[in-house]
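Sequence lines set the chain letters: A, B, ... in the order given, protein chains first and strands last, and positions in each chain run from 1.
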There are 2 protein chains.
Amino acid sequence: MRDEVDGLVEAWRAERPDLDIEPLQVLSRVSRLARHLDRARRAVFTEHGLEPWEFDVLAELRRSGPPYEMSPGRLLRATLVTSGTMTNRIDRLATAGLVRRHPDPADKRGVLVRLSAEGQERVDAALSALIEYEESLLGEMPPAERERLATLLRSLLSPLDEPAPEAGV
Amino acid sequence: MRDEVDGLVEAWRAERPDLDIEPLQVLSRVSRLARHLDRARRAVFTEHGLEPWEFDVLAELRRSGPPYEMSPGRLLRATLVTSGTMTNRIDRLATAGLVRRHPDPADKRGVLVRLSAEGQERVDAALSALIEYEESLLGEMPPAERERLATLLRSLLSPLDEPAPEAGV
DNA sequence: CCCGTTTCTCTTGATATCAAGAGATATGCT
DNA sequence: AGCATATCTCTTGATATCAAGAGAAACGGG
């Protein structure tokens, strides 16, 4: 078994024999796998009429539970985009009929963004398709190895969990 | 030990009990870890006066070995950007004195992009710093576990290695 | 040898993002 | 109470990217 990174590591070893590039064996694979996943997710979402950024926002609302309603501020912190970007995203999602803006009764500066019935259907269908795809990608890997992999990745990820707010997918 | 994804999985389980979202345990961690890595790499490169995209291009040239020279076409396939983007990148790298364009003696349509001495110094320093950071990130993990992790990731990555051309970082 | 096709780089136009800031309301300290 | 500061959303201007295509040179079959 051989992948992109084996070639990468070989080339660096030849050109930079002074450096021990062994960390790339793990971390370069993480980055490259993530790039492939991004492309695949885009393809899956496209089949369900959603852009990745649309899924991100709708999934955040869906995951928050009834009444599927959050402020733009919370949404932008959860999805790690700027306020200008979130305004633009909500505009387009509202135009598409997937969310609706309501004034916030508790804060006259603010609005609340609520998932529409169609928005919920779309994000539910897209998530199901995503999980199906991801399951097929892991298909060959036995449960014990999946758990080992998840555990090892968690040990790398958890120290990076800063005072950051929320989640994404 | 607990990370972002544990919370994510919990929330989905509550809202979508019909779905088995177990694949997220692995693949969501891959994506989120990659996002953290991107941010950290950006910080490391900034200390060495490089943007991530600058490092991508310069590293590609550096890794190709002497005379550190490639066509724009090969570079754009290697870094997975469009030709317009690569033209723009080479323009800016040339203005910064990190690469130089030369006519290709073997093909009058083409040019060759060559790493300058300063370009090489910069990319070498940035790579050293990157590896140092990545080593610190893996710091706690014993070599045997690193290898297990690399092996598991390779088994996911290698089927995705399509008839794609080259490499990146 | 010639002409259609491919390959190569660069240009153009559209778009999503970010950084910075504006305007309105809420909050808290004295 | 009152005033300064913080918070919230949206606007503006700049930028990097992509998709599509133009122009020039190379290639290859008849």
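Regarding A:Asp104, its CG atom lies at a distance of 12 Å from the C1' atom of C:dT25, rounded to whole Å. Between the P atom of C:dT7 and the CE atom of B:Met86 lies a distance of 19 Å, rounded to the nearest Å. Taking atom CZ of B:Arg101 as the reference point, atom C1' of C:dT9 lies 9 Å away to the nearest angstrom. One interatomic measurement links the two molecules: CZ of A:Arg77 to C1' of D:dT9, which rounds to 11 Å at whole-angstrom precision. D:dT7 atom C1' lies 16 Å from atom CZ of A:Arg74, rounded to whole Å. If you take CG of B:Leu112 and C1' of C:dT9, they are 12 Å apart, rounded to a whole angstrom. Rounded to a whole Å, the CD1 atom of A:Ile90 is 8 Å from the P atom of D:dT9. Look at CG on B:Leu75: it is 11 Å from P on C:dC10, rounded to the nearest Å.
Within the structure, the salt bridge (charged side-chain N to carboxylate O under 4.0 Å, His left out) test picks out the following pairs touching residues 45-54 of chain B (sequence neighbours left out): B:Arg42-B:Glu51. Judged as a salt bridge (charged side-chain N to carboxylate O under 4.0 Å, His left out), the pairs with a partner in residues 115-128 of chain B (not counting sequence neighbours) are, in order, A:Arg16-B:Asp124, B:Arg62-B:Asp124, B:Glu118-B:Arg122. Applying the salt bridge (charged side-chain N to carboxylate O under 4.0 Å, His left out) definition to pairs two or more places apart or across chains, those involving residues 95-107 of chain B are B:Asp91-B:Arg101, B:Asp107-B:Arg109.
Under the 4.0 Å criterion applied to side-chain N and carboxylate O atoms, B:Arg13 and B:Asp18 are not assigned as salt-bridge partners.
Qualifying salt bridge (charged side-chain N to carboxylate O under 4.0 Å, His left out) partners for B:Glu147, counting only residues two or more places apart in sequence or in other chains: none. The salt bridge (charged side-chain N to carboxylate O under 4.0 Å, His left out) test applied to A:Glu145 returns no partner, not counting sequence neighbours. B:Glu10 pairs by the salt bridge (charged side-chain N to carboxylate O under 4.0 Å, His left out) definition with B:Arg2, not counting sequence neighbours. Remark: A:Arg114 pairs with A:Glu69 by the salt bridge (charged side-chain N to carboxylate O under 4.0 Å, His left out) rule, at least two apart or across chains.
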Pairs under 3.5 Å (N/O, protein and nucleotides 25-27 of chain D):
unit_1	atom_1	unit_2	atom_2	d
D:dA26	OP1	B:Lys108	N	3.1

What's touching nucleotides 16-23 of chain C from the protein side, N or O pairs under 3.5 Å?
unit_1	atom_1	unit_2	atom_2	d
C:dA16	OP1	A:Arg92	NH1	3.2
C:dA16	O5'	A:Arg92	NH1	3.3
C:dT17	OP1	A:Arg89	NE	3.4
C:dT17	OP1	A:Arg89	NH2	2.7
C:dT17	OP2	A:Arg92	NH2	3.0
C:dC18	OP2	A:Thr82	N	3.3
C:dC18	OP2	A:Thr82	OG1	3.4
C:dC18	OP2	A:Thr85	OG1	2.6

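Closest heavy-atom contact between B:Trp12 and B:Ile21: CB-CG1, 4.3 Å.
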